[in-house]
Amino acid sequence: MKIQILAVGSVKSGEIRSLIFEYLKRLKPYQDVQITELKEGIPRKGSSAKKEDEEKILSHLKGRPALIALSEEGKAVGSLDLALLIKRHSEAGTDICFIIGGTEGLSDTIKKSALFCLSLSDLTFTREMARLILVEQLYRAVKINRGEPYHR
């Protein structure tokens, strides 16, 4: 099973980028996690940035992964529940694709096509922080699924 993160926009903060790479490095022995950054859409006449982002996201989906859209309207789950979700897909051999939208968020089309809409918290985070928190939680989920300590 592969885990992909499709993220609209890039991480500008060197500190946050460094932490993301640290968690990807920690994940490497256990789980293949790839991050694909998509250039944020520029609205064309009669369109919106959200619609432009939607087209880019859909064009980058490979195979038939389980889509999990990060959205403030989504459902917040605990680390154990996220670990269970990942374990189920791993056992089924289904790839997972987490999607993080641009400044306008994700389109309704993307959210409706997702298996699950996930909220990281009731708090609002920048897209950069959301990416960092997601990668950290993926690392935590892998540790949980391996029966290893994860409260570090």
Side-chain angles (χ1 to χ4, degrees), residues 1-41 50 53-54 56-107 109-152:
M1 177 198 66
K2 292 181 183 177
I3 295 178
Q4 180 181 25
I5 299 171
L6 282 180
V8 177
S10 62
V11 174
K12 308 244 187 306
S13 167
E15 293 86 359
I16 293 174
R17 183 173 289 284
S18 178
L19 288 168
I20 290 169
F21 285 133
E22 174 62 29
Y23 280 105
L24 289 174
K25 185 173 86 177
R26 290 182 189 187
L27 276 161
K28 197 167 191 83
Y30 310 110
Q31 180 65 57
D32 181 24
V33 178
Q34 298 294 320
I35 297 177
T36 303
E37 290 184 345
L38 305 175
K39 188 173 179 179
E40 194 156 8
K50 198 183 283 191
D53 294 343
E54 173 189 311
K56 288 179 184 178
I57 290 166
L58 293 174
S59 72
H60 276 82
L61 292 176
K62 296 175 177 83
R64 298 176 89 28
L67 299 180
I68 300 176
L70 272 66
S71 173
E72 60 187 12
E73 303 96 20
K75 180 180 179 190
V77 298
S79 297
L80 295 173
D81 291 328
L82 182 61
L84 182 59
L85 179 116
I86 290 169
K87 183 177 184 177
R88 286 181 180 154
H89 285 285
S90 178
E91 289 171 349
T94 307
D95 294 341
I96 299 174
C97 180
F98 290 90
I99 303 171
I100 301 173
T103 54
E104 293 184 13
L106 293 170
S107 70
T109 301
I110 296 291
K111 288 189 253 186
K112 287 177 184 171
S113 64
L115 169 72
F116 185 71
C117 283
L118 172 67
S119 170
L120 295 175
S121 169
D122 287 339
L123 301 171
T124 302
F125 300 113
T126 65
R127 292 174 294 145
E128 292 180 340
M129 290 298 296
R131 197 178 314 181
L132 172 58
I133 292 166
L134 175 61
V135 173
E136 187 276 336
Q137 286 298 304
L138 291 175
Y139 173 71
R140 188 174 296 263
V142 166
K143 297 290 273 183
I144 291 168
N145 287 338
R146 292 178 55 84
E148 296 177 9
Y150 63 93
H151 288 292
R152 296 190 219 176

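Note that the structure is predicted; figures quoted are calculated from it, not measured. Just so you know, residue 1 is the first one in the sequence shown, and it goes up from there.
The CG atom of Leu67 sits 15.5 Å away from the NZ atom of Lys112 when rounded to the nearest 0.5 Å. Here the NZ atom belonging to Lys143 is positioned 14.0 Å from the OG atom belonging to Ser79, to the nearest 0.5 angstrom. Between the CD1 atom in Ile96 and the CG atom in Leu115 there is a gap of 9.0 Å [rounded to 0.5 Å]. Rounded to the nearest 0.5 angstrom, Ile68 CD1 and Leu82 CG are separated by 7.0 Å. Here the straight-line distance linking atom NE2 of His60 with atom CD1 of Ile99 works out to 12.0 Å at 0.5 Å rounding. The CG atom of Leu132 sits 10.5 Å away from the CG atom of Leu120 when rounded to the nearest 0.5 Å.
Considering all non-hydrogen atoms of both residues, Leu27 and Tyr139 come closest at CD2-CA, 3.6 Å. Shortest non-hydrogen contact noted between Arg127 and Thr103 is NH2-CG2, 3.6 Å. Residues Asp53 and Lys39 approach most closely at OD1-O, 4.4 Å, considering heavy atoms. Heavy-atom minimum distance, Gly74 versus Ser119: O-CB, 3.4 Å. Shown here for Leu61 and Cys97, the closest heavy-atom pair between the two residues is CD2-SG, 3.8 Å. Annotation for Leu70 and Ile100: closest pair CD2-CG1, 3.9 Å, computed over non-hydrogen atoms.
Contact of the Leu138 side chain with the Ile86 side chain is registered, since non-hydrogen atoms from C-beta on lie closer than 4.5 Å. Taking the side chain as every heavy atom from C-beta outward, Gln4 and Asp95 never approach each other to under 4.5 Å. Proximity of Leu106 to Ile57: side-chain heavy atoms (C-beta onward) are separated by under 4.5 Å at one or more points. A heavy-atom distance below 4.5 Å is not found between the side chains of Val142 and Arg26. Using a 4.5 Å heavy-atom cutoff, the side chains of Leu118 and Gln137 are not in contact. Put simply, the side chain of Asp81 does not reach to within 4.5 Å of the side chain of Leu85, judged on heavy atoms. Gln34 is not listed as a side-chain neighbour of Lys2, based on a closest heavy-atom distance of 4.5 Å or more. Side-chain contact between Arg131 and Ile35 is present, with heavy atoms from C-beta onward closer than 4.5 Å.
Checked for salt-bridge contact, Glu22 and Lys25 meet the test: a charged N lies under 4.0 Å from a carboxylate O. The pair Glu37-Arg17 meets the salt-bridge criterion, since a charged nitrogen lies less than 4.0 angstrom from a carboxylate oxygen.
One side chain, Ser71 or Glu73, offers a donor N or O that lies under 3.5 Å from an acceptor on the other.
No more than 12 heavy atoms of other residues, nucleotides or ligands shown are found within 6.0 angstrom of NZ on Lys87.
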Run the numbers on Glu128 and Thr126 for side-chain hydrogen bond (donor to acceptor under 3.5 Å, both in side chains), then give the verdict. CA-CA 5 Å; Glu128 292 180 340; Thr126 65; 4.9 Å; no
Audit row: Phe116, Val77, side chain to side chain contact (heavy atoms under 4.5 Å, CB included) steps and yes/no: CA-CA 11 Å; Phe116 185 71; Val77 298; 3.7 Å; yes
Start with the C-alpha gap between Met1 and Gln31, add the side-chain angles, then the distance that decides, and say whether side chain to side chain contact (heavy atoms under 4.5 Å, CB included) holds. CA-CA 8 Å; Met1 177 198 66; Gln31 180 65 57; 3.4 Å; yes
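Qualifying salt bridge (Lys or Arg N to Asp or Glu O under 4.0 Å) partners for Glu72, counting only residues two or more places apart in sequence or in other chains: none.
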